[in-house]
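Along the sequence shown, residues are numbered consecutively beginning with 1.
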Amino acid sequence: MAIFKGSGVALITPFKESLEIDYEKLRELVDYHVDHKTDAIIVCGTSGESATMTVEEHLEAIAVVAEQADGRIPVIAGTGSNDTQTAIELSVEAEKCGVDGLLMVTPYYNKCTQNGLIKHYEQVASKVDVPIILYNVPSRTGVNILPATAVKMAKEIENVVAIKEASGNISQVAELAALANGCIDIYSGNDDQIVPLMSLGGIGVISVTANIIPDDTHDLCAKFFEGDIEGARQLQLKAIELCKALFCEVNPIPVKKATELLGLSNGKVRLPLTEMEPEHVEFLRKAMQNYGIL
């Protein structure tokens with residue numbers, strides 16, 4: 001059974017002016033997504049700025065989201081690392097928080113081989129019982145999970161059940177779907193490719209745009225699953241300008257600014273991320289206005 005089907009939000013982590021995590025605002029965001037039809041919450045992923053969190057902050061954020069969700073919505077914790085032992089320790093502790101799954105990015109910087117990927121995920125999976133979503137985002141990590149590798153892990157590692165495919169390569173996703181023949185759930189990792197990926201058998205998205213248009217991101221997926229392909233297509237195309245604006249600078253800088261414009265956060269990011277360039281803020285503001293959310 002899938003961990004979730006539909007729209008999973010790649011949740012931002014709100015900060016105070018001091019750049020400490022604002023845990024109360026984080027709780028409010030959980031409630032916001034429960035109220036606005038989001039199908040799952042992914043905490044401490046790329047959009048959550050996990051790379052600049054201490055281990056203590058990372059685990060506290062996971063615990064707070066799991067506690068606030070209280071079974072109302074699946075919670076998936078980002079616990080990936082370029083160090084296998086660190087990934088194990090984060091995953092073990094996240095499981096204790098009661099999360100429904102783990103999102104594990106490929107080891108970055110080390111640039112391991114495909115065999116290294118398999119060994120890495122085998123080691124982590126052997127220490128936890130909770131299901132694992134592989135996270136393939138080669139533009140950030142320098143490592144690409146090849147389709148055959150993903151399928152091998154899904155078949156041989158019991159709790160590897162899904163993959164977030166953010167390579168942007170639809171041909172690779174098609175090859176993965178063909179080789180997998182249903183043995184691994186596929187989520188889109190690109191908001192401008194949700195419908196194309198679901199047309200190949202994907203079951204949803206782990207979405208940045210869901211931070212600001214949660215209802216529509218849910219509805220896009222729901223319409224597709226209900227057979228309203230035209231309705232899903234229209235929502236996909238409606239969001240294209242917004243998607244472009246949300247990635248005109250490195251994620252999550254623009255989505256943090258978008259949540260600020262909507263009053264959902266103060267937009268603060270931690271270095272080495274910086275404030276959005278003024279001309280990009282105007283591009284984002286215009287896209288949000290055109291979409292009808294400002």
Identified side chain to side chain contact (heavy atoms under 4.5 Å, CB included) partner of V105 from the options T141, L134, N82:
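With V105 as partner, T141, L134, N82 yield a single side chain to side chain contact (heavy atoms under 4.5 Å, CB included), made by T141.
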Side chain to side chain donor-acceptor pair (under 3.5 Å) assessment of T13 paired with E49:
CA-CA 7 Å; T13 301; E49 297 178 73; over 6 Å; no
Gap separating the [atom1] atom of [X] from the [atom2] atom of [Y], nearest 0.5 angstrom:
X    : Y    : atom1 : atom2 : answer
M104 : L117 : CE    : CG    : 11.0 Å
L26  : L11  : CG    : CG    : 6.0 Å
E57  : C44  : CD    : SG    : 9.5 Å
K223 : I229 : NZ    : CD1   : 11.0 Å
H280 : E275 : NE2   : CD    : 14.0 Å
L242 : D192 : CG    : CG    : 11.5 Å

Closest heavy-atom contact between [X] and [Y]?
X    : Y    : result
C243 : T209 : SG-CG2, 3.8 Å
P254 : L284 : O-CD2, 3.4 Å
I62  : T79  : CD1-CG2, 4.4 Å
H58  : G78  : NE2-O, 2.6 Å
T217 : A210 : OG1-CA, 3.7 Å
A239 : Y291 : CA-CE1, 3.9 Å

Taking [X] for its side chain and [Y] for its backbone only, find out whether a donor-acceptor pair lies under 3.5 Å.
X    : Y    : answer
H36  : H218 : no
E249 : E277 : yes
E282 : E279 : no
E95  : V130 : yes
T38  : A40  : no
Q236 : I194 : yes
D39  : S7   : yes
N211 : V9   : no
N110 : D83  : no
D191 : S207 : no

Quick one: are [X] and [Y] in side-chain contact, heavy atoms under 4.5 Å?
X    : Y    : value
N159 : D129 : no
F15  : K256 : yes
E175 : V173 : no
K164 : I42  : no
I145 : T106 : yes
L90  : Q85  : no
I73  : F4   : no
Y187 : I133 : yes

Can [X] and [Y] be counted as an ion pair, charged N to O under 4.0 angstrom?
X    : Y    : value
E67  : R72  : no
R233 : E230 : yes
K37  : D219 : yes
E241 : K244 : no

Quick one: do [X] and [Y] end up in the same hydrophobic cluster if we chain Ile, Leu, Val, Met, Phe, Trp and Tyr together by side-chain heavy atoms under 4.5 Å apart?
X    : Y    : value
L19  : Y23  : yes
L273 : F247 : yes
I3   : M198 : no
L237 : I212 : no
I132 : I163 : yes

Under a 3.5 Å threshold, yes or no: a donor from one side chain and an acceptor from the other, between [X] and [Y]?
X    : Y    : answer
N251 : S47  : yes
S265 : T259 : yes
Y135 : T46  : yes
Q193 : S188 : no
H120 : T84  : yes
N136 : E165 : yes

What's the verdict on side-chain contact (heavy atoms from CB on, under 4.5 Å) for L179 and L176, showing C-alpha distance, side-chain angles and the deciding distance?
CA-CA 5 Å; L179 287 175; L176 170 62; 5.8 Å; no
Are I118 and T149 close enough, and set up right, to give a side-chain contact (heavy atoms from CB on, under 4.5 Å), and what steps lead you there?
CA-CA 7 Å; I118 293 168; T149 303; 3.8 Å; yes
Could you give me the CA-CA distance, side-chain angles and deciding distance for V55 and E93, then say whether side-chain contact (heavy atoms from CB on, under 4.5 Å) is met?
CA-CA 10 Å; V55 171; E93 292 303 313; over 6 Å; no
Does the Lys NZ or Arg CZ of R140 fall within the cation-pi geometry relative to Y108 - under 6.0 Å from the ring centre and within 45° of the axis?
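No; the conditions do not both hold, so R140 does not lie above the ring face of Y108.
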Would you check, one step at a time, whether the test side chain to side chain donor-acceptor pair (under 3.5 Å) holds for N144 with Q172?
CA-CA 10 Å; N144 183 28; Q172 176 166 302; 2.9 Å; yes
Can you tell me if CD on E158 sees more than 12 non-hydrogen neighbours from other groups inside 6.0 Å?
no
Go through M288 and R285 one step at a time and tell me if the side-chain contact (heavy atoms from CB on, under 4.5 Å) criterion holds.
CA-CA 5 Å; M288 293 173 71; R285 189 190 306 273; 5.8 Å; no
